[in-house]
Amino acid sequence: VSTNFTPVLDTLTRQRGVRASLVVSATDGITIESNLQIGQDGNRVAALAASLYRKARRSASAAGLGLTGFMHLEAEGGRLCIIGGDEIVLVVVADSDANVGLIRVEMLRAAESLA
Amino acid sequence: MAVPDEVRLWSDELARDPSSLVFLPLAETLRRQGQLDMARKVALRGLERHPHNPDAHDQLARILADRGDLQAAFDEWDMVLRLVPGHTGAVKGMAFIRFQQGRKDEAERLLRQVQAHGDDSDITAAIGNLRFSGGVLAPKLPADSGDPRTLFTAVLASDQNGMLLDKAGLVFAGSYNTGGRDVAQDVGANLSGVSDEAFRASKHLGIGAWRAIVFETEAAVVALAPAPAQGALPEGGLVVVATSPGTPLGLLKRLLDRCLQRASSWLTGGGGA
């Protein structure tokens, strides 16, 4: 079934090195829609990414830094990029050599189109 | 700080007479106690009955600023200015917000706007501080002072902040200056929890150990990385770098790398602060 999120996720997943892209409920970490490569556990990614983003948002706000926008976790074997708001977050899992700059631009564009 | 009894008395009075202006001191006391959600509710209820009261809008703006809702706070102070043109407190508040958002030119323009309408020594001093420090209202200590707070002074510009935190989120070295104060302890304590979540996420996603987190906020772009477990700093420490919004993320990563090197050198006794 195609939804408003489908073209957004398709565009993100076409980026080089992107393994998965998901739209996730910000409050409970449940997947709303996903575009996954084989071997990616969407539910796990959704829950962990939403939890990380929620924590970052709360911490930044408590530290007086205001609202959080784009977030990027870099690890030895991959990257997690997240952007979102109170209700939904957009998540991308990518290889460690993926072009984060391009992914960020696409995610900002996608977040605008979904707002 | 007001004793809890005062809060109760004001709450009772407000319950008896909902149109009373006692919501103002009640909201301010709750704000000072850090009960920001409750303070916001009290201020909003007061504003429902007194929508044209500039003090009420000013009070709500302060609460919103404390909550980190910077743009909403700015809008409230803008409303105060519409009700009372030239309201000094509102302009100072708006300038503070613009400064926090990295829009320093606009912050200075706002302060000068008030200065043009009459001499205010506070405004003059604020402009002086803004210019003197190149944007940071609290001048930093010189890099060679030997003070741990100056650890990253040599690698960061005056409007950039760097901290070395231990596992508990306590500041080991570095500083975080904003609004004329060093708020490193507050910011460090709040941000340190993010690393636990990052550890969990990277572990369960099978993407290896986490190396850095970068996130963009209204007031700053922040980068965190695990600190080198060397010298007196056990494993679990963090290096935090914060720069003004709009800083290219590539530059921020370079600054983070330089701060990590600096921290490593300092922890192993190679100097730094």
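Sequence lines set the chain letters: A, B, ... in the order given, protein chains first and strands last, and positions in each chain run from 1.
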Extract all donor-acceptor atom pairs below 3.5 Å that involve side chains of residues 233-249 of chain B and protein atoms in other chains or at least two apart in sequence.
from    : atom 1 : to      : atom 2 : distance (Å)
T243(B) : OG1    : T247(B) : OG1    : 3.0
T247(B) : OG1    : S244(B) : O      : 2.6

Within the supplied structure, the quantity of interest is the number of heavy atoms (other residues, nucleotides, ligands) at a distance under 6.0 Å from N4(A) CG; does it exceed 12?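 Incorrect, the count does not exceed 12.
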
Just wondering, do [Y] and [X] contact through their side chains at under 4.5 Å, heavy atoms?
X       : Y       : result
M71(A)  : V194(B) : yes
R19(A)  : I207(B) : yes
E216(B) : H72(A)  : no

Below 4.5 Å from any heavy atom of chain A, which atoms of V183(B) appear? Answer side chain, backbone, both or neither.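 Neither part; nothing is under 4.5 Å.
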
Counting only heavy atoms closer than 4.5 Å, note whether K203(B) contacts chain A via side chain, backbone, both or neither.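 For K203(B), there is no contact with chain A at all, as no heavy atom is under 4.5 Å.
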
Got a second to check how far R200(B)'s CZ is from K55(A)'s NZ, nearest 0.5 Å?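 R200(B) atom CZ to K55(A) atom NZ measures 10.5 Å (nearest 0.5 Å).
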
Measure the spacing between OG of S61(A) and CZ of R67(B) and express it to the nearest 0.5 Å.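 If I round to the nearest 0.5 Å, the distance is 7.0 Å.
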
Of the backbone (N, CA, C, O) and the side chain (C-beta and beyond), which part of R57(A) lies under 4.5 Å from a heavy atom of chain B, both, or neither?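 It is neither, since no heavy atom gets under 4.5 Å.
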
Which of these, I213(B), V214(B), L205(B), L224(B), sits in a side chain to side chain contact (heavy atoms under 4.5 Å, CB included) with L73(A)?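 So, applying the side chain to side chain contact (heavy atoms under 4.5 Å, CB included) to L73(A) and each of I213(B), V214(B), L205(B), L224(B), only I213(B) qualifies.
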
If you count heavy-atom pairs under 4.5 Å between each of S202(B), G193(B), A189(B), A220(B) and chain A, which one has the most?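 Among S202(B), G193(B), A189(B), A220(B), the one with the most close pairs to chain A is G193(B).
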
With chain A, which of D186(B), L191(B), D69(B), L36(B) has the greatest number of heavy-atom pairs at distances under 4.5 Å?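 Going by pairs under 4.5 Å, I would pick L191(B).
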
If you count heavy-atom pairs under 4.5 Å with chain B, which of [options] comes out on top?
options                        : value
L48(A), L65(A), L80(A), V93(A) : L65(A)
L67(A), V45(A), I82(A)         : L67(A)
G64(A), S96(A), S51(A)         : S51(A)

Identify the two heavy atoms, one from L52(A) and one from E197(B), that lie closest to each other, and give their separation to 0.1 Å.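 Smallest heavy-atom distance, with atoms named: CA-CG, 3.4 Å.
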
